[in-house]
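See below for the structure under consideration.
Chain letters run A, B, ... following the sequence lines, proteins first, then strands; residues in each count from 1. Values reported hereafter were calculated over all heavy atoms of this structure, with side chains retained and with hydrogens, waters and symmetry mates removed.
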Amino acid sequence: MPELPEVETTRRRLLPLLQGKPLLRVRHQDPGRYRHTERAEGARLLDLGRRGKFLLFALSGGLEMVVHLGMTGGFRLEATPHTRLTLEFPSLLLHFHDPRRFGRLWVVERGDYREIPLLGRLGPEPLSEGFQLEGFLQGLRRSAKPLKALLLDQTLAAGVGNIYADEALFRARLHPLRPAQELSPGEGERLYRALREVLAEALALGGSTLSDRTYQQPDGRPGSFQERHAVYGREGLPCPACGTPIRRQVVAGRSTHFCPRCQG
DNA sequence: CAATCCACCTGTTCGC
DNA sequence: TGCGAACAGGTGGATT
């Protein structure tokens with residue numbers, strides 16, 4: 001669900017609310033999903049970072065609380081019927097809302113990600129200085145996967161999910177099934193630029209909130225990038241560039257939306 | 001190694 | 001109206 005723009009928006013909203021405050025208690029009833037939470041009780045929140053779709057709460061005492069929001073997770077200032085866990089700060093309760101319970105949380109020694117899948121082997125942050133064209137093109141050349149599958153696997157760039165993979169491929173005018181290693185350098189560069197642009201624009205608009213409103217900022221406000229989706233969730237509607245009906249097809253097990261003409 | 005299912009969960013929307 | 005099917009922002013594991 002939440003992809004880089006939504007997770008980063010969450011980070012930016014939460015940090016000023018929490019920085020410097022002690023985490024008094026962590027309440028939940030699911031030690032299988034929310035691991036070692038007792039370790040965090042009494043620690044102070046020093047900083048809040050992000051890697052890909054993971055939120056990284058730096059805590060005093062050399063600890064770190066790592067959260068993955070899964071498909072439907074999000075932090076709210078008000079409790080909901082799907083509150084699964086509550087972080088208690090002085091005069092502030094932060095509720096983890098997660099209807100499908102795909103979200104996970106771990107408290108670990110800072111930087112020790114051995115029990116956290118994926119986090120230790122994420123690719124570069126696509127909006128950082130470290131995300132360079134040369135490395136991106138190399139990553140494309142090394143993979144025979146369809147572009148859509150490669151964009152989703154978090155190694156080429158961290159934080160890209162189903163919405164932004166589809167939107168980036170549309171902007172780059174590339175078919176989702178094109179094998180990555182067959183791209184020309186020019187096509188690879190189009191994808192590199194499209195990916196950065198889409199993610200940056202979405203972030204500037206607070207991410208995408210779909211009709212089910214699963215993703216909201218902690219104060220309940222929606223994002224607005226959904227109004228700019230060219231292909232995602234628009235099966236049968238006209239392509240904004242050429243008017244051809246947008247097609248939906250399952251690729252890499254996920255619904256994939258594209259313009260058969262522009263991305264032919 | 002890679003592509004394909006299935007699993008994990010719950011809720012909403014769609015088609016008949 | 002009712003009911004089952006399809007589908008949903010993610011990821012990991014088993015199977016082939």
Side-chain angles (χ1 to χ4, degrees), chain A residues 1-11 28-30 32-35 50-55 66-76 80-85 96-106 113-123 139 142-169 176-182 198-199 202-203 205-217 222-229 231-236 248-257:
Chain A
M1 152 215 179
E3 307 180 32
L4 186 154
E6 292 78 24
V7 179
E8 177 62 15
T9 299
T10 300
R11 189 193 72 78
H28 66 90
Q29 297 184 298
D30 195 339
R33 290 188 171 82
Y34 313 126
R35 308 282 299 159
R50 180 190 57 75
R51 266 294 274 143
K53 300 169 194 170
F54 291 88
L55 284 167
V66 177
V67 178
H68 195 296
L69 302 176
M71 290 265 278
T72 58
F75 284 102
R76 306 287 173 87
T80 74
H82 300 110
T83 292
R84 308 300 186 192
L85 173 147
F96 183 57
H97 162 93
D98 186 19
R100 291 177 70 179
R101 305 179 203 250
F102 289 166
R104 294 290 184 275
L105 180 154
W106 303 258
Y113 301 146
R114 284 174 298 176
E115 68 173 297
I116 306 177
L118 189 59
L119 180 52
R121 53 185 180 84
L122 292 175
R142 272 191 276 107
S143 175
K145 284 184 179 178
L147 289 174
K148 175 66 183 278
L150 183 59
L151 285 173
L152 289 179
D153 87 4
Q154 308 300 300
T155 59
L156 194 63
V160 179
N162 209 34
I163 294 176
Y164 301 108
D166 283 3
E167 293 296 320
L169 287 168
L177 286 174
R178 282 281 296 283
Q181 61 194 183
E182 289 179 10
V198 162
L199 293 171
L203 178 55
L205 293 178
S208 300
T209 297
L210 304 187
S211 56
D212 65 3
R213 298 188 56 82
T214 279
Y215 166 72
Q216 303 177 192
Q217 298 176 34
S224 60
F225 189 73
Q226 65 282 359
E227 295 161 17
R228 300 213 190 163
H229 290 176
V231 290
Y232 183 84
R234 300 192 67 250
E235 181 185 16
R248 184 175 72 87
Q249 183 183 339
V250 174
V251 177
R254 312 296 302 281
S255 265
T256 296
H257 313 74

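Partner of L85(A) under the side-chain contact (heavy atoms from CB on, under 4.5 Å) criterion, chosen from L105(A), D30(A), V67(A): L105(A).
Of the listed nucleotides (dG9(C), dG10(C), dC7(C)), dG9(C) has the atom at the smallest distance from the side chain of Y215(A). Ranking dG9(C), dG10(C), dA8(C) by closeness to the S255(A) side chain, first place goes to dA8(C).
The ring pair (Phe, Tyr, Trp, His ring centres under 6.0 Å) search around Y113(A) returns none, not counting sequence neighbours. The salt bridge (Lys or Arg N to Asp or Glu O under 4.0 Å) test applied to R114(A) returns D112(A), not counting sequence neighbours. With sequence neighbours excluded, no residue forms a salt bridge (Lys or Arg N to Asp or Glu O under 4.0 Å) with R101(A). Residues passing the ring pair (Phe, Tyr, Trp, His ring centres under 6.0 Å) test with H229(A), sequence neighbours excluded: F225(A), Y232(A). Remark: R51(A) engages E125(A) in a salt bridge (Lys or Arg N to Asp or Glu O under 4.0 Å) (not counting sequence neighbours). Considering only residues two or more places apart in sequence or on other chains, P117(A) meets the side chain to side chain contact (heavy atoms under 4.5 Å, CB included) condition with W106(A). Checked against side-chain hydrogen bond (donor to acceptor under 3.5 Å, both in side chains), Q181(A) has no partners two or more places apart in sequence or in another chain. Here Y34(A) pairs with H28(A) under the ring pair (Phe, Tyr, Trp, His ring centres under 6.0 Å) rule; sequence neighbours left out.
Y164(A) comes within contact range of no nucleotide atom at all, as no heavy-atom separation falls under 4.0 Å. Residue S208(A) is in base contact, counting any heavy-atom pair closer than 4.0 Å across all strands shown. Residue contacts shown for L152(A) are absent, as no nucleic acid heavy atom lies under 4.0 Å away.
Spacing between atom CZ of F54(A) and atom P of dG9(C) amounts to 18 Å, rounded to whole angstrom units. At whole-Å resolution of the value, CG in N162(A) and P in dT11(C) are 11 Å apart. Taking atom CG of residue L210(A) and atom C1' of nucleotide dG10(C), one finds them 14 Å apart after rounding to whole Å. One atom, CD of Q154(A), and another, C1' of dT11(C), lie 9 Å apart when rounded to the nearest Å. Between the CZ atom of R254(A) and the C1' atom of dC5(B) there is a distance of 14 Å, rounded to whole Å. Summarising the geometry, the separation between CD on E8(A) and P on dG9(C) is reported as 22 Å, rounded to the nearest angstrom. Rounding to whole angstrom units, CG of residue L118(A) and C1' of dG13(C) are separated by 14 Å. Put simply, CG on L151(A) is 15 Å from P on dG9(C), counting in whole angstrom units.
Comparing dA5(C) with dC6(B), their P atoms are spaced 15 Å from each other, to the whole Å. Comparing dG4(C) with dC9(B), their P atoms are spaced 23 Å from each other, to the whole Å. Separation of the P atoms belonging to dA6(C) and dC5(B) is 15 Å when rounded to the nearest angstrom. Taking the P atoms as reference points, dT11(C) lies 23 Å from dT12(B), given to the whole Å. Going from the C1' atom of dG11(B) to that of dG12(C) covers 23 Å, rounded to whole Å.
In this model, the phosphate group of dG10(C) is approached by a side-chain N or O of K53(A) to a distance below 4.0 Å at OP1 or OP2. For the pair H68(A) and dG10(C), the criterion of a side-chain N or O lying under 4.0 Å from OP1 or OP2 is not met.
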Restricting both atoms to N or O, compile the protein contacts to nucleotides 1-4 of chain B shorter than 3.5 Å, with distance only.
none

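At a cut-off of 3.5 Å, with distance as the only test, a side-chain donor of H97(A) or T80(A) sits close to an acceptor on the other residue. For the residue pair Y215(A)/E3(A), the side-chain donor-acceptor check at 3.5 Å is not satisfied.
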key: Protein proximity profile, nucleotides 6-13 of chain B - base contact B, sugar-phosphate-only contact S, no contact -, cut-off 4.0 Å on heavy atoms   = --BBBS--
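Remark: side-chain polar atoms of D98(A) are not paired, donor with acceptor, to backbone N or O of R84(A) under 3.5 angstrom.
Counting only residues at least two apart or on different chains, the salt bridge (charged side-chain N to carboxylate O under 4.0 Å, His left out) pairs with a member in residues 155-166 of chain A are K148(A)-D166(A).
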ask   = Under a 3.5 Å cutoff on both atom distances, Watson-Crick or G-U, what's the dot-bracket for DNA chain C ([ ] crossing, | other strand)?
value = .|||||||.|||||||
